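Below, read A as the first sequence line, B as the second, and so on, with proteins coming before strands; counting in each chain starts at 1. Not measured: the values here are computed from a predicted model.
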Amino acid sequence: MQYQRIKGTRDILPLEVYQWQYLENFLREYFKRNNYKEIRTPAFEVTELFARGIGDDTDVVSKEMYTFLDKGGNSLTLKPELTAPVMRAYIQNNLEQIAPLTKIYYIDALFRQERPQKGRLRQFHQFGFEILGTPYPEADAETIQTTYELYRELGLKDLQIRLNSIGSRTSRGQYLEILRKALMPFREDFCGTCQERLEKNVLRLFDCKVEFCQQIMTEHAPSILDHLSDEDRLHFKAVCHLLDVSGVPYTIDKTLVRGLDYYTRTTFEITSSLLGAQNAICGGGRYDHLIEDLGGKPTPGVGVASGIERLLLILEQTGGFPIPETNLIYIITLGESARVAGFRLVCELRRIKLNAQMDFLRRSIKAQLRDADREQANWVVILGDEELARKAVILKNMKDGRQTELALDTAAEQITAILQNQS
RNA sequence: GUGAGUGUAGCUCAGUUUGGCAGAGCGACAGGUUGUGGCCCUGUUGGCCGCGGGUUCAAGUCCCGUCACUCACCCCA
């Protein structure tokens, strides 16, 4: 048996890696343009960080983490999520001392031990960004607007933005009691998992796909939006207004509850019909207590995380990738001494920063040309013993097939001149 | 953790119903053109039919087991 990839991981092969590079280049340029600075954190952290940050009772922490003991007996975990590590770095490095407001982004690999399916992997990648230091709705609105605009620039269409407020911690606590009380009378009518949810995590009842459960919920579940504090309501209205003003389309979905414990007030999610059952391309929201929960000074924050594999899945279907340019100059040689001269020419071209390559398989001219074509070379240099004898090379344009003869000694300079002339 | 589907050439898949020589297209390689790519034509290469056991004169095909992958549930990006 050959060695195999670990379940839920993927090889990114040479022919598809340009898609990743295209996206990564775009993201770095986009974030630079929007004045976000990159942050990179280690691949693993102490397990405690995630238990505290994400919440012990969440699925991510309770059953999906890659956790192990190091030789010192410390419990460490491959990061299943990025906000908590970024907050740890923010606190540990006193970033709040540098400026009262911090805008940071990241592109990174994450690990969760789940059953893989479409758009879900055990090692997957996210990019995301965070705005730290402000409680005001402008930051919430910028987070959503910036994410939406990013997708729009990539050419994505038919995105649904779902927006909700789950209130501050106090008003949410009160609401959860009201919700539980309102649903208790129907306890027996719910499906098995929902009966458990009623005990452990009432908010999740909104997610159930069983029709009858949904019917009970629409008929009898009070909306969180009716139980927000005045401050929460004003904040939410302000976020909506700013989105209206900036032309970002959204729908308020009072059933949207994010699965991580740290969220307060604003939560949102953007979905695409081009994905499978896991149709969220990103999710995010406000977290006003996370930093203090992790031992920092009370600092409000808001942010978003977007799945890179899911984004690529969409771009693949919409033909969102530009064709990569090679600018390859392929040197074809025929004969022993021509091969040596050709090698020299390749080196010379590379020295002046041109993309040059020669055949290493000593193939026929036909095979070398076929290879040049496959490699999408724009130009081919043909150098056989015949040409060598008269100190010349043939330069062939692969687009129109025309050939000209150049002097071997000055071939590199002449090629440079031709390329410059052309563009 | 639960459920369903699929495993045959490098890739995409026929062949399984009704057991009887292991197939196609694409790709790769070569020839058609003494030293000229793509298009076309011809040929060549390429297989533990996922793995193990069973039934049978005979198994890719039927039976049992097992592994892997995919999709879905839970939950999330």
(message) Both distances below 3.5 Å, Watson-Crick or wobble geometry, any strand: find the nucleotide opposite B/rU36.
(response) none
(message) With a 4.0 Å cut-off on N to O distance, would you call A/Glu29 and A/Arg33 a salt bridge?
(response) yes
(request) Any chance you could list the contact pattern along nucleotides 29-42 of chain B? Use B for base contacts, S for sugar-phosphate-only contacts and - for none, protein heavy atoms under 4.0 Å, 5' to 3'. (result) SS-B--BBBB----
(message) Without decimals, in angstroms, what is the distance between A/Leu150 CG and B/rA77 C1'?
(response) 14 Å
(request) Between A/Glu309 and A/Lys63, name the one whose nearest nucleotide on RNA chain B is closer to the 5' end. (result) A/Lys63
(request) Could you please name the partner base of B/rU42, counting Watson-Crick and G-U wobble pairs only when both distances are under 3.5 Å? (result) B/rA30
(message) Can you tell whether the side chains of A/Arg10 and A/Glu309 come within less than 4.0 Å, N to carboxylate O?
(response) no
(request) Can you sort out the partners of A/Phe26 under ring pair (Phe, Tyr, Trp, His ring centres under 6.0 Å), two or more places apart, ordered by chain and number? (result) A/Tyr30
Distances for protein N or O near nucleotides 5-12 of chain B N or O, under 3.5 Å:
none

(message) Check this for me, if you would: do A/Asp108 and A/Lys79 make a salt bridge, where the nitrogen-to-carboxylate-oxygen distance has to be below 4.0 angstrom?
(response) yes
(request) Using whole Å, report how far CG of A/Leu205 lies from P of B/rC74. (result) 13 Å
(message) Which nucleotide, if any, forms a Watson-Crick or G-U wobble pair with B/rG25, using both distances under 3.5 Å?
(response) B/rC11
(request) Identify the nucleotide, in any strand shown, that forms a Watson-Crick or G-U wobble pair with B/rC62, with both distances under 3.5 Å; if there is none, say none. (result) B/rG54
(message) Under 3.5 Å for both donor-acceptor distances, Watson-Crick or wobble: does B/rG47 have a partner, and if so which one?
(response) none
(message) Could you work out, with side-chain hydrogen bond (donor to acceptor under 3.5 Å, both in side chains) as the rule, every residue matching A/Thr77, not counting sequence neighbours?
(response) A/Thr47, A/Thr67
(message) Suppose we define a pair by two distances each less than 3.5 Å, Watson-Crick or G-U wobble; what does B/rC74 pair with here?
(response) none
(request) List in numerical order all residues of residues 106-125 of chain A for which some heavy atom is under 4.0 Å away from an atom belonging to RNA chain B. (result) A/Arg112, A/Glu114, A/Arg115, A/Gln117, A/Lys118, A/Gly119, A/Arg120, A/Leu121, A/Phe124
(request) Would you kindly give the CG-to-C1' distance between A/Leu260 and B/rC75, to the nearest whole Å? (result) 10 Å
(request) Can you run down the salt bridge (Lys or Arg N to Asp or Glu O under 4.0 Å) pairs that involve residues 386-400 of chain A, sequence neighbours left out, and say none if there aren't any? (result) A/Arg390-A/Glu405
(message) Any N or O donor-acceptor pair under 3.5 Å from the base of B/rC75 to the side chain of A/Gln278?
(response) yes
(message) Taking ring pair (Phe, Tyr, Trp, His ring centres under 6.0 Å) as the definition, give me every residue that meets it alongside A/Tyr105, ordered by chain and number, with sequence neighbours left out.
(response) A/Phe31
(request) Kindly write out the residues that satisfy ring pair (Phe, Tyr, Trp, His ring centres under 6.0 Å) with A/Tyr148, not counting sequence neighbours, or none if the list is empty. (result) none
(message) Using the salt bridge (charged side-chain N to carboxylate O under 4.0 Å, His left out) criterion, which residues pair with A/Arg350? Sequence neighbours excluded.
(response) none
(request) Quick one: label A/Ala305 by what it contacts on the DNA or RNA (base, sugar-phosphate, nothing), any heavy atom closer than 4.0 Å. (result) sugar-phosphate
(message) Taking pairing as Watson-Crick or G-U wobble with both contacts under 3.5 Å, can you name the mate of B/rG5, or confirm there isn't one?
(response) B/rC69
(request) Both distances under 3.5 Å, Watson-Crick or G-U wobble: report the partner of B/rU18, or none. (result) none
(message) Using the salt bridge (charged side-chain N to carboxylate O under 4.0 Å, His left out) criterion, which residues pair with A/Arg40? Sequence neighbours excluded.
(response) A/Glu38
(request) Would you please name every residue forming a salt bridge (charged side-chain N to carboxylate O under 4.0 Å, His left out) with A/Arg339, sequence neighbours left out? (result) A/Glu336
(message) List the residues meeting salt bridge (charged side-chain N to carboxylate O under 4.0 Å, His left out) with A/Glu325, not counting sequence neighbours, and say none if there are none.
(response) none
(message) In whole Å, I'd like the distance from the CD1 atom of A/Ile6 to the P atom of B/rA68.
(response) 11 Å
